[in-house]
Number of protein chains: 4
Amino acid sequence: MTQTADDILKNLDLTAAELSGGSRAVRSPIDGSTLAEVHDTAASEMPAILERAQSAFKAWRVVPAPRRGELIRLLGEELRAAKDDLGALVSWEAGKITSEGLGEVQEMIDICDFAVGLSRQLYGLTIASERPGHSMRETWHPSGPVGVISAFNFPVAVWSWNAALAIVCGDPVIWKPSEKTPLTALACTKIFERAVNRFDDDAPEGLLQTLIGDAELGKVLVASPSVPVISATGSTRMGRAVAPVVAERFGKCILELGGNNAMIVAPSADLEMAVRAIVFSAVGTAGQRCTSLRRLIVHNSIREDLVKRLKAAYAGLPVGDPQAEGTLVGPLVDEAAGDAMTSALKAAESEGGTVHGGARVTEGVPAGGVYMAPAIVEMPGQSASVKEETFAPILYVMGYDDFEDAVEMQNDVPQGLSSCVFTLNMREAESFLTAAGSDCGIANVNIGPSGAEIGGAFGGEKETGGGRESGSDAWKSYMRRQTNTVNYSAELPLAQGVKFDI
Amino acid sequence: MTQTADDILKNLDLTAAELSGGSRAVRSPIDGSTLAEVHDTAASEMPAILERAQSAFKAWRVVPAPRRGELIRLLGEELRAAKDDLGALVSWEAGKITSEGLGEVQEMIDICDFAVGLSRQLYGLTIASERPGHSMRETWHPSGPVGVISAFNFPVAVWSWNAALAIVCGDPVIWKPSEKTPLTALACTKIFERAVNRFDDDAPEGLLQTLIGDAELGKVLVASPSVPVISATGSTRMGRAVAPVVAERFGKCILELGGNNAMIVAPSADLEMAVRAIVFSAVGTAGQRCTSLRRLIVHNSIREDLVKRLKAAYAGLPVGDPQAEGTLVGPLVDEAAGDAMTSALKAAESEGGTVHGGARVTEGVPAGGVYMAPAIVEMPGQSASVKEETFAPILYVMGYDDFEDAVEMQNDVPQGLSSCVFTLNMREAESFLTAAGSDCGIANVNIGPSGAEIGGAFGGEKETGGGRESGSDAWKSYMRRQTNTVNYSAELPLAQGVKFDI
Amino acid sequence: MTQTADDILKNLDLTAAELSGGSRAVRSPIDGSTLAEVHDTAASEMPAILERAQSAFKAWRVVPAPRRGELIRLLGEELRAAKDDLGALVSWEAGKITSEGLGEVQEMIDICDFAVGLSRQLYGLTIASERPGHSMRETWHPSGPVGVISAFNFPVAVWSWNAALAIVCGDPVIWKPSEKTPLTALACTKIFERAVNRFDDDAPEGLLQTLIGDAELGKVLVASPSVPVISATGSTRMGRAVAPVVAERFGKCILELGGNNAMIVAPSADLEMAVRAIVFSAVGTAGQRCTSLRRLIVHNSIREDLVKRLKAAYAGLPVGDPQAEGTLVGPLVDEAAGDAMTSALKAAESEGGTVHGGARVTEGVPAGGVYMAPAIVEMPGQSASVKEETFAPILYVMGYDDFEDAVEMQNDVPQGLSSCVFTLNMREAESFLTAAGSDCGIANVNIGPSGAEIGGAFGGEKETGGGRESGSDAWKSYMRRQTNTVNYSAELPLAQGVKFDI
Amino acid sequence: MTQTADDILKNLDLTAAELSGGSRAVRSPIDGSTLAEVHDTAASEMPAILERAQSAFKAWRVVPAPRRGELIRLLGEELRAAKDDLGALVSWEAGKITSEGLGEVQEMIDICDFAVGLSRQLYGLTIASERPGHSMRETWHPSGPVGVISAFNFPVAVWSWNAALAIVCGDPVIWKPSEKTPLTALACTKIFERAVNRFDDDAPEGLLQTLIGDAELGKVLVASPSVPVISATGSTRMGRAVAPVVAERFGKCILELGGNNAMIVAPSADLEMAVRAIVFSAVGTAGQRCTSLRRLIVHNSIREDLVKRLKAAYAGLPVGDPQAEGTLVGPLVDEAAGDAMTSALKAAESEGGTVHGGARVTEGVPAGGVYMAPAIVEMPGQSASVKEETFAPILYVMGYDDFEDAVEMQNDVPQGLSSCVFTLNMREAESFLTAAGSDCGIANVNIGPSGAEIGGAFGGEKETGGGRESGSDAWKSYMRRQTNTVNYSAELPLAQGVKFDI
């Protein structure tokens, strides 16, 4: 019943030639086993890749958007058909528990459905002109090839967010997945090909090109002037390197960088719900979501009670093989991640924190994986280590007395991705969502910071990078806006009443 | 009847102390006379300035937007009252002809009216949520202090585009005008104060701060992490320096950089209208608009005729004192601008071009100003010098046979601001506005590339920098977007059907 | 200092000829005095009036919308200048207290500002087409003359809501005010003329035409096929007569009819705020707003307390001359209104209600006016008389135990205008605003049902008629939508892949 | 290979019991054969039907919209699977040629895709409030059961336009198809059931209810107060009866009534394209589309040429069995339609028209069907019979000299559905789309009046009824708008600065 990784790779059309003999060994976080040895894209291939993208752009931009949407509809169908396989591969390669692997594929399906609808919209505006015999409008046109750099923790969904929109918008995609998750990327590329093969019209060659390689390859992509849009998901450090390079060549960046997401728990909160939300947000994906809950800001009147409940809940969390029934906490991605967690906990202790949990788990887990017990850290205040994002299941707990102080504490970190408040008090709830409330791109009430729906725009402020993806009008990032004034009269009036009679 | 610059400065509340004794001599392009000696802002003042902006932001962001709009309504009233004075000062300091100086102020007034309307909108979205008992929405909040860097050629309108929107959006403004036009900046600051004084509510101190100084001062502003938005208008060179600095600190840039704007004239064009449009676009503001017409791409069947008409029109253009009745072409901003024009014409000749006009005018013009006869340059093709923006009244003329070639020629420059086509053929007109048509931010039909209305979004692609200002939803650049999910149920379902039961 | 009605009428340009000798005596609700005897519009004048409106439409529809906006900007300026006079006249003619009279004029000013902004928007959409070489868009065009029927209780604001939008949208207005308030209508017409006189362009004759007369005259207007839009504010009875007539001729109705507005007060409510909100909403404008609070649905745990507080507050309410300093409750509009109040209270008693207050006040009030003490009526349930709208300061109080029952009670009336909840519980607050919550067009939290801002769309469901005015995209009701497909190719593909080769 | 109607009905799950023994004989226009004898819905069943719809509404309105969208996605899948069968049944029952039958089903599929995208949008607005501590927003909620009355000529697409949107919007549907096309309605109902059966969540019983019967049954539906929205497609006569009934009970109508659609052919038109467009628009669906081309307004300079070409094209049109390969003109729906055509042609002749074609075709066509040769009628002017819509392939041709006259002629009919111009002149093209251009809801350039894409809003003005369906924001007609003001502060400021201190 349970399939091996090899079965799954085969189901997903990956060939032996693609999976072996390459220089890049793909390691499963589950047990450290090598899933495949894939071939890197040589830097020398880049000029041809970029040229193919340009040619594809010239052809694709004039395909009517609803037709482009039809390709994405077919992609959605293929994703539905491949959901179990791709979800399992996400588990194998990124170490997610099965339900989260499937959830990630569901998110891909959702964004395809959404993009199909968009393909008959891509609305610009018609605008009232101040001049008689003139009409004004604003139209959105494709931008050109989009470079997508994705991270290991959402190895497939982030690509689909970008690709579904970009392709509907008329832009070819060049995808550079994390070097840790090339297999899921290759599998998505195959699934995309299935859709292309069913597409009645001709999809140009080069509509999707996937690059396998490390940061150096990414740098080439980022610096390419023929790629007007770079969508990069990853660490703030990465973003800080990428953004200026793109800016200097007047490209456009969609940055989805680090988060350091907090929950404020107010006295009126439904504590039972809060506990469930906290645990899912803090330990789901082993704390390796960009939206993982990292900071808990609790009213002092309920702090002790809440910590006690959390400790109880954490005590019962099944840590282990993510593909085993019932597991809720799988492995960290690699040893470095485990080390980073340990270091962070030490630093927190040195800053006065009290650590509960956080040790390496070695019993009852697959050998070769890095399994860590999620940690709760009671902090005396928001010290330096709390302000840093450690990609691990660490939850810092701090107290507050006054709601405004709690909001200030929530805002007082360099990152600005996601945030939430648990409260039944409507004044607190609403205040949290105002100009003087959370400074994050996402601010929720009575749900955790993670697990966004695709209908809203996803992304954050400050060191999170300012990009927006997925729903709302995030599609505009993949297009250029053109303002038109059309004079259908035989007169030539100037705006602002300027007179200039020759 | 005609007022001296001194009269005007006085009318605009500028005091003797402000206008004398400073280290920065302000030179009028009209006659090279020194209009004032203003005081530079010391770099040492910057910390206090930035702090004041932060304090102003904290206060202003919670003032309801329609109240903020009321301040801009008052600003519009004050601009109406000061229109003649400020328009004249624009002429004195930037060398514009009177009608264009007034037109620039009118544009300020228009954007104020527009911003007042916006102040009751600033629409975000309510969004259908996939989870029962949940609501989603997206709200726009103020971003924080906005740094505005403006250029000499639109010394006041560009500020107003930014300030009217920024202030309605809840953001204080720190303005660094061109070092060539500090007086109009100081005057606008005074006019703004008049509005503040009439404002019923308290406008916080530091809502508008104006910095006098050169590029070094601008650099300090650009690098300031507490200024999340930098709106910079000027050369591509400047933008290329500014953008990476802002990007590295995860700030947001609104860049309005160079243009190299073309008109395609098709066989069916109404040539009489085209001639008028060409002359206004090419020589208006002495060719120193970012939207000035620089390249004329004419169907070969009408090329000779059109050039002949243009030469005739150019022959009769009154060059001289911009404040004199009837003048259409005023001075260039300074000697360097005159030299640049001369060099560009030489380069064009060396590339095979035939230059008509372009000489310095010394008769019948005020001494001390740089007056140049506008130039028409017939080029054998779109060679290197044509692809560069020279801020002067130079019009390169090239021929085409096939409409698609003309569009390609139009697109084949690094800049992407404005463009237009003169044609009565609807197929050509519509094609020009498509994904395969003009690659510019502005694309017009049967009007020139310059003189945009404030109702549309203004800005361009490629080396023009990608920013948008003024109308449509350009206001969003001054705000941050927040996506909210509100759970009002007693359940905690996860998105994408993920199961995580603790 | 206090001006007589005569002074005010003169200030507002009304001439002796207009104010005397007519068949329609205008009575002040304050003291029953006759303010003027105005001349009715003869039914025989209607054909010429309608023709003038058509001619005005032909001319006005091609005036660019931003220019039309300029006329409304001037109207806003004139309203600011005339605010005190017009506010006072509203008081004289409709019996409002001074502050409310001024507030009504402020609302006119606000809508003018808003409409000015709109005049550069009136956004349609550009839409992605499924066919190559095709573009789609949707534009909004003026509809034609708009008939505005307004009621006595907002004698000027409702007109301005309609007129500011209609005129910016390109539509002439034919106004039929309440027969009880012709003077404020004539005054507005004069103020509009002041704006027209300052308008640089030519405003066509007949852009605004005001009809003085009774319901018979209104009927002629309503039945006129050349008036495509009828905006009618008044009773449900009136709306039920108007709507079918307009529907049969395929005109469009904007109906603003009766409300029977409720507040739910939950246990967590801030009772002090609630009391203030209740009193203002229930007795403001002497209960004669369409959004007046008429039904109070209070959780039984706080019911007694709240009623006690309300009785105390009511006891201190100054009833009397609306122009006297401090008065909060002015007269009802006429004797019939007083009688209706008395009857309604009797009916309530017969249904088991306990009435507090509600008697006629004769001491300390101007003779000749109908002054009633506001009434609180404790009801055993939501019986028949509670479900009817009586235009008077009657507040029915009912209890509830379960929040869902309270919502059901709120919805269980034929009207659907405004509603609100006072609660600090976010679950109750949010639920109230959902598909299963209030069925009204307006649903508020922690503010009363009346006193809407102009930025939102105003109007209600069910017997309230379904119309929307004022903010949001209410302007679309004054325009017609046109969907355009433009084929700029040389091919003729059919939609939906239909083949039809001749 | 070709299936019998019986095969198809079986494929579509219709049972023998449903297809026989009923009182309503269903006649095929192809050959007059009886396809089935279906059972009418008894008027006595209506109360239960309405109650089921109410119950379904209560349940469905709280199902999250994206979940509702999932049901429509499944419907789209089922329609794809049933496309050939349903398309063929449309041909059998409505007499359409095969390609048009399939095209109609494709349109159903397209609207489903579109509605799925919408289901994560249904965007309302968040709006800037003028009061501190307040937020405003506007949300769209389901309206309640929607009554859909459809016509024989688009027996399935019109239902899907309404149902896909209504169901995504949260509204149950009660469908009363044309009494001439009950089979396709029953088939759609079966296909909908297939989707319901695959839907994971519970779709409430009564989400779609289909009524079989004649106009009397429709009347009961139209008059039902528990059906807030009536969407009615059919004749102007029908609309004129329906609209007042709905208006009187304050329901909302979406009317899609008669069209009398014109094409202006200008001298610059691409005549070859024009001819193809004209023929498809005029004779497609045997002239029985509401958007069929009925009036040709040709510049006199090309009139003779164009008529000649048209006569040649008409001469070669294959009239006959719509299911036969190559047929372009199928039968009229019934004898009455044939008679109406004959009468209209006679009337035209009596008004001075010259009729080409228009006779009944009896050779080479199936016996029992009403096959008419399409007619071209050269008219001396736009006389009475031209202003009436006759549902038949009659094309009236009139000349013009001046473009403005042509536009006036186009507008001078009571209907206002669709219109177009063929011209290569951009001034004519653009003018046609302005406030002074076409007065229709649809105005096209260089494509015919029929065959709209689903992405735009479909519908027309004047006697066409003013409704809009399908794309753009037509979904708003199926929802109610709610304006919310939420006060999260502890203060209670009034709008418009009103003071009311108790």
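Because the structure is a prediction, the values reported are computed rather than measured. So that the names make sense, note that chain A is the first sequence line, chain B the second, and so on, each numbered from 1.
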Discussion item. One pair to check against side chain to side chain contact (heavy atoms under 4.5 Å, CB included): B:Val445 and A:Tyr488. What are the steps and the verdict?
Written reply: CA-CA 8 Å; B:Val445 177; A:Tyr488 54 91; over 6 Å; no
Discussion item. Could you go through A:Asn484 and B:Phe432, starting from their C-alpha distance and side-chain angles, then the distance that decides it, and tell me whether this counts as side chain to side chain contact (heavy atoms under 4.5 Å, CB included)?
Written reply: CA-CA 10 Å; A:Asn484 306 131; B:Phe432 190 67; over 6 Å; no
Fill in: Verdict with reasoning, A:Leu492 to B:Phe280, per side chain to side chain contact (heavy atoms under 4.5 Å, CB included)
CA-CA 10 Å; A:Leu492 203 70; B:Phe280 170 68; over 6 Å; no
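Heavy atoms closer than 4.5 Å to chain B are found in the backbone of A:Cys440, but not in its side chain. With a 4.5 Å cut-off on non-hydrogen atoms, B:Ile97 touches chain A through its side chain but not through its backbone. When heavy atoms are compared at a cutoff of 4.5 Å, B:Lys462 approaches chain A solely by way of its backbone atoms N, CA, C and O. Heavy-atom distances place both the backbone and the side chain of B:Val486 under 4.5 Å from chain A. Interface residue B:Glu491: only backbone heavy atoms are found under 4.5 Å from chain A. Contacts of B:Leu317 with chain A are made by side-chain atoms alone, with heavy-atom separations under 4.5 Å and no backbone atom involved. Using a 4.5 Å cut-off between heavy atoms, B:Leu102 does not touch chain A at all. B:Ser418 does not touch chain A: none of its heavy atoms, backbone or side chain, sits under 4.5 Å away. For B:Leu255, the part lying near chain A is the side chain, with the backbone staying farther off; criterion is any non-hydrogen pair under 4.5 Å. In this structure, chain A has a heavy atom under 4.5 Å from the side chain of B:Leu125, while its backbone stays farther away. For B:Ser129, the parts lying under 4.5 angstrom from a heavy atom of chain A are both the backbone and the side chain.
Atoms OG and CG, from B:Ser143 and A:Asp439 in turn, are 11.5 Å apart once rounded to the nearest 0.5 Å.
Put simply, the side chain of A:Arg61 does not reach to within 4.5 Å of the side chain of B:Thr434, judged on heavy atoms. For the pair B:Glu461/A:Pro228, no side-chain contact is recorded, criterion being any heavy-atom separation below 4.5 Å from C-beta on.
Between A:Glu430 and B:Arg137 there is a salt bridge, since at least one side-chain N of the basic residue sits less than 4.0 Å from a carboxylate O of the acidic one.
Heavy-atom minimum distance, A:Asn487 versus B:Met273: ND2-CE, 3.4 Å.
Among the residues in residues 446-453 of chain A, those with a non-hydrogen atom closer than 4.5 angstrom to a non-hydrogen atom of chain B are A:Asn446, A:Ile447, A:Gly451, A:Ala452, A:Glu453.
Most heavy-atom pairs under 4.5 Å with chain A, from the set B:Val62, B:Leu433, B:Ile442: that is B:Leu433.
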